[in-house]
Amino acid sequence: MSAPSSYFARLHKPRMPLWWWLRRRTYLAFVLRELSSVFVGWSVVFLLLLVRAVSRGPAAYQEFLDRAASPWLVALNVVTLAFLLYHAVTFVNLTPQAMVVRLRGYRVPPLALAGSMYLAWLLVSAFLAWLVVG
Amino acid sequence: MAKRTMEPFVWLLFSGGGVAAALVLPVLLLLFGLALPLGWITPPDHADLLGLLRNPLTRLGLLVVCALALVHGAHRFRFTLQDGLQLRPYDAVIATACYGAALVGTAFAAYLLLVAL
């Protein structure tokens, strides 16, 4: 009698190399998408520091703008913006796969769903830009 | 009966935060991180910006966006560490640290937007 294969299957723990996600472009894209979380966090912190500077008065606000113009922060924010855009595009494109929306019993086509989210993104961006500098 | 967990609730916050981060954060970072500091656009006066931020709708909206985006980031970063660096055995520590950081950030946001402004 041979031991059931599931017995060995339970003992066998496949070990993945630490850098498994460098092997394929799709794996790398996945990990980069996951890493966008760090930059989402940083952009929230950055905006909160702006709010703090504004609450402290005109001089603190000006100092915040000057500091934000320093090369290191500009570089960090360029990278952050790239990751935010990557997050936004991948999130919008995934939505139709994660969620089925029905209108009057008909499924909204995935392209229409993604398209309406891109439209919402555009409108929200335009509205916020108008609020701030309009 | 299946054991009840927090998972569905966390995933709901995760998607809400994902949408909030996607719709709101890029334009704000483009404006305040690049366009205004680098002078591509003339920065708004301090008084105007303060007035805008003190509007109750702005306070509430920003607080919701910050809280949701932080939870989203924390949840995703938790699995980034687990999968990317294979730290699954340390999930309890990682989850506590990630959600804890999101909570601290949300408290900071609430203090700034509701008290300090």
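Just so we're on the same page: letters track the sequence lines, and every chain starts at 1. Computed from heavy atoms alone, side chains included, the values below leave out hydrogens, waters and symmetry copies.
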Practice task
Answer yes if B/L103 and B/I94 sit in the same cluster of Ile, Leu, Val, Met, Phe, Trp and Tyr residues linked by side chain heavy atoms under 4.5 Å apart, and no otherwise.
Solution key: no
Practice task
Determine, using the 4.5 Å side-chain heavy-atom cutoff (strictly less than), whether B/W40 and A/F64 are members of one ILVMFWY cluster.
Solution key: yes
Handout entry: Linked, directly or transitively: B/L12 and A/V101 (ILVMFWY side chains, under 4.5 Å)
Key = no
Handout entry: Heavy-atom side-chain proximity of B/P44 to A/Y61 below 4.5 angstrom
Key = yes
Practice task
Go through A/P58, A/A120, A/S55, A/A88 and name the one with the most non-hydrogen pairs under 4.5 angstrom from chain B.
Solution key: A/P58
Fill in the blank from the handout: Honestly, the part of B/D48 sitting under 4.5 Å from a heavy atom of chain A is neither
Practice task
Heavy atoms only, distances under 4.5 angstrom: which of B/A101, B/G18, B/G39 has the most pairs with chain A? Name it, please.
Solution key: B/G18
Practice task
Please look at B/L34 and chain A and tell me whether the side chain, the backbone, both or neither of the residue comes under 4.5 angstrom of a heavy atom of that chain.
Solution key: side chain
Problem - Pairwise distance CG(A/L85) to CG(B/L29) - rounded to 0.5 angstrom - result: 9.5 Å
Handout entry: side chain to side chain contact (heavy atoms under 4.5 Å, CB included) between A/V40 and B/L70, intermediate numbers included
Key = CA-CA 7 Å; A/V40 166; B/L70 285 174; over 6 Å; no
Problem - Engaged part of A/L81 at the chain B interface, taking heavy atoms whose separation is under 4.5 Å - result: both
Exercise for the section: Calculate, to the nearest 0.5 Å, the distance between atoms CG and CZ belonging to B/L23 and A/F91 respectively. Expected result: 9.5 Å
Exercise for the section: Evaluate the side-chain proximity of A/Q62 to B/H46: yes if any heavy-atom separation is below 4.5 Å, no if none is. Expected result: no
Problem - Closest-packed option against chain B by number of heavy-atom pairs under 4.5 Å, given A/A53, A/G41, A/S43 - result: A/S43
Practice task
Using non-hydrogen atoms and a 4.5 Å limit, figure out which bit of A/R33 sits close to chain B: side chain, backbone, both or neither.
Solution key: both
Completion exercise
Looking only at B/P43, B/A47, B/P37, B/G105, the option with the highest number of non-hydrogen pairs under 4.5 Å against chain A is B/P37
Problem - Residue selection (most heavy-atom pairs with chain A, distance under 4.5 Å) from B/L25, B/T42, B/L30, B/L85 - result: B/L25
Handout entry: Minimum heavy-atom distance B/A22-A/W121, with the two atoms named
Key = O-NE1, 3.1 Å
Practice task
Answer yes or no: are there more than 12 heavy-atom neighbours, outside A/L119 itself, under 6.0 Å from its atom CG?
Solution key: yes
Handout entry: Taking every non-hydrogen atom, the tightest pair across A/S37 and B/T80
Key = OG-OG1, 4.2 Å
Exercise for the section: Determine whether B/Q82 and A/E34 make a side-chain contact, defined as any pair of heavy atoms from C-beta on separated by less than 4.5 Å. Expected result: no
Problem - chain A-proximal positions within residues 106-117 of chain B [heavy-atom distance under 4.5 Å] - result: B/F108, B/A109, B/L112, B/L113, B/A116, B/L117
Practice task
Residue by residue, scan residues 124-134 of chain A and write down, ordered by number, those that have a heavy-atom distance under 4.5 Å to chain B; if none do, write 'none'.
Solution key: A/V124, A/S125, A/L128, A/A129, A/L131, A/V132, A/V133
Handout entry: Approximate separation, where rounding is to 0.5 Å, of A/L50 CG and B/L49 CG
Key = 6.0 Å
Problem - Heavy-atom side-chain proximity of A/S36 to B/R76 below 4.5 angstrom - result: yes
Completion exercise
Within residues 50-66 of chain B, the residues sitting under 4.5 Å from chain A by heavy atom, in sequence order, are B/L50, B/L52, B/L53, B/L62, B/C66
Practice task
Answer yes if A/L84 and A/L94 sit in the same cluster of Ile, Leu, Val, Met, Phe, Trp and Tyr residues linked by side chain heavy atoms under 4.5 Å apart, and no otherwise.
Solution key: no
Problem - Atom group of B/I41 that falls short of 4.5 Å from chain A, counting heavy atoms - result: side chain
Practice task
Decide whether A/L123 and A/Y118 are clustered together by the hydrophobic rule: side chain heavy atoms of Ile, Leu, Val, Met, Phe, Trp, Tyr closer than 4.5 Å, transitively.
Solution key: no
Problem - Contact residues of residues 67-78 of chain A (partner chain B; heavy-atom separation under 4.5 angstrom) - result: A/A68, A/A69, A/V74, A/N77, A/V78
